[in-house]
Amino acid sequence: MGDRQAPASLVLVQELANTLDVESGRDRLDTADDLARFVRAHELTAFRLGTRDLAGLRELREALRAACLAHTGSPASPEAVTALDRQLSEAPLTLRLDGDGEAALGPAHGLSGLPAFTAHLAVRIATAAGDGTWARLKACEAHDCQWVYYDRSPAGRSRWCTMAVCGSRAKMRTYRARRTR
């Protein structure tokens, strides 16, 4: 199926969502050292994310994963929607115009920590929603996977991160269920 990496505007959202490997349980945002590695790897030092932000960052990750799962047709849980709404309300955006009249959406002044990072992601998501790429950032429907991938299929109707693994497993489960009836 090819490349499942998101466009540049959504890579950070994808990589945040994929800091938890659902199948193995490995969480790359489990400790302060994990957070420091994530911040360094993505050049996020300006946001001043600290240990106090870890629980909120994990909550944001899971809410974003739920939103990406909704892109495959599975509605996001009310808890995930509430968590995402709350975090976004704590991360206001402002519209700025430069001397040439160009408009740019950005985090409100004075934000730091998790609200600043959330606002940064919100700008990326808003931009992607405007250009039509946000709806193609999806989470695998396989309950034991839920890896976030970018759907590059022509129709944009992919449901699994990879047909070779998760898609084949799902189809085999469906086949076996029909045969046992």
Side-chain angles (χ1 to χ4, degrees), residues 3-72 76-77 79-94 104-129 131 133-152 160-162 165-166:
D3 180 24
R4 295 299 188 131
Q5 181 75 27
S9 62
L10 290 173
V11 166
L12 185 56
V13 176
Q14 181 181 31
E15 291 184 1
L16 172 62
N18 287 337
T19 57
L20 175 67
D21 184 331
V22 172
E23 187 172 22
S24 71
R26 169 71 173 112
D27 188 345
R28 290 182 295 143
L29 287 178
D30 194 37
T31 67
D33 288 341
D34 292 335
L35 176 62
R37 276 189 289 280
F38 183 79
V39 166
R40 275 193 313 275
H42 295 90
E43 300 177 356
L44 304 173
T45 55
F47 297 109
R48 298 191 314 243
L49 291 165
T51 305
R52 70 194 177 287
D53 297 311
L54 265 173
L57 193 56
R58 287 189 297 261
E59 179 186 56
L60 177 61
R61 170 190 66 202
E62 295 310 312
L64 289 170
R65 182 193 319 278
C68 291
L69 189 57
H71 292 160
T72 65
S77 72
E79 297 83 15
V81 171
T82 299
L84 195 51
D85 282 348
R86 181 179 38 74
Q87 289 216 14
L88 289 170
S89 71
E90 295 169 359
L93 303 176
T94 59
L105 191 61
H109 290 290
L111 293 178
S112 66
L114 185 58
F117 178 67
T118 302
H120 179 71
L121 292 181
V123 168
R124 291 168 174 256
I125 292 168
T127 301
D131 69 19
T133 57
W134 169 241
R136 285 184 174 253
L137 191 63
K138 300 178 178 184
C140 182
E141 272 190 6
H143 71 281
D144 58 345
C145 178
Q146 296 188 351
W147 197 252
V148 174
Y149 65 95
Y150 189 75
D151 182 359
R152 294 185 184 279
W160 301 290
C161 62
T162 174
V165 179
C166 292

Would you give me the side-chain donor-acceptor pairs under 3.5 Å for residues 43-52, sequence neighbours excluded?
from, atom 1, to, atom 2, distance (Å)
Arg48, NH2, Ser112, OG, 3.4
Arg52, NH2, Arg48, O, 3.0

Donor-acceptor contact present, side-chain [X] to main-chain [Y], <3.5 Å:
X      : Y      : result
Arg28  : Phe38  : no
Glu90  : Pro115 : no
Gln14  : Leu137 : no
Arg65  : Ala139 : no
Arg124 : Leu10  : no
Glu23  : Trp147 : no

Closest approach of [X] to [Y] (non-hydrogen atoms, all atoms of both residues):
X      : Y      : answer
Ala70  : Ala76  : CB-N, 4.0 Å
Cys68  : Trp134 : SG-CH2, 4.3 Å
Val11  : Ala6   : CG2-O, 3.2 Å
Ala116 : Pro107 : O-CG, 4.4 Å
Ala119 : Leu93  : O-CD2, 3.4 Å

How about [X] and [Y]: do any of their side-chain heavy atoms sit closer than 4.5 Å?
X      : Y      : answer
Arg58  : Leu20  : no
Leu29  : Leu16  : yes
His71  : Asp151 : no
Leu105 : Thr127 : no
Val148 : Leu64  : no

- request: Go through the structure and list residues passing side-chain hydrogen bond (donor to acceptor under 3.5 Å, both in side chains) with Thr94, not counting sequence neighbours.
  value: Arg96
- line: Contacts of Thr19 meeting side-chain hydrogen bond (donor to acceptor under 3.5 Å, both in side chains) (sequence neighbours excluded), chain-then-number -> Arg61
Using 0.5 Å steps for rounding, measure from the [atom1] atom of [X] to the [atom2] atom of [Y].
X      : Y      : atom1 : atom2 : answer
Arg86  : Thr118 : CZ    : OG1   : 9.5 Å
Phe117 : Leu12  : CZ    : CG    : 4.5 Å
Thr133 : Arg136 : OG1   : CZ    : 9.5 Å
Gln146 : Cys161 : CD    : SG    : 10.5 Å
His42  : Glu15  : NE2   : CD    : 3.5 Å
Leu121 : Gln87  : CG    : CD    : 10.0 Å

message: Looking only at side-chain N and O atoms, does Thr31 offer a donor or acceptor that is under 3.5 Å from a partner on Asp33?
response: no
task: Verify side-chain contact (heavy atoms from CB on, under 4.5 Å) between Tyr150 and Gln5, making sure each step is shown before the conclusion.
output: CA-CA 6 Å; Tyr150 189 75; Gln5 181 75 27; over 6 Å; no
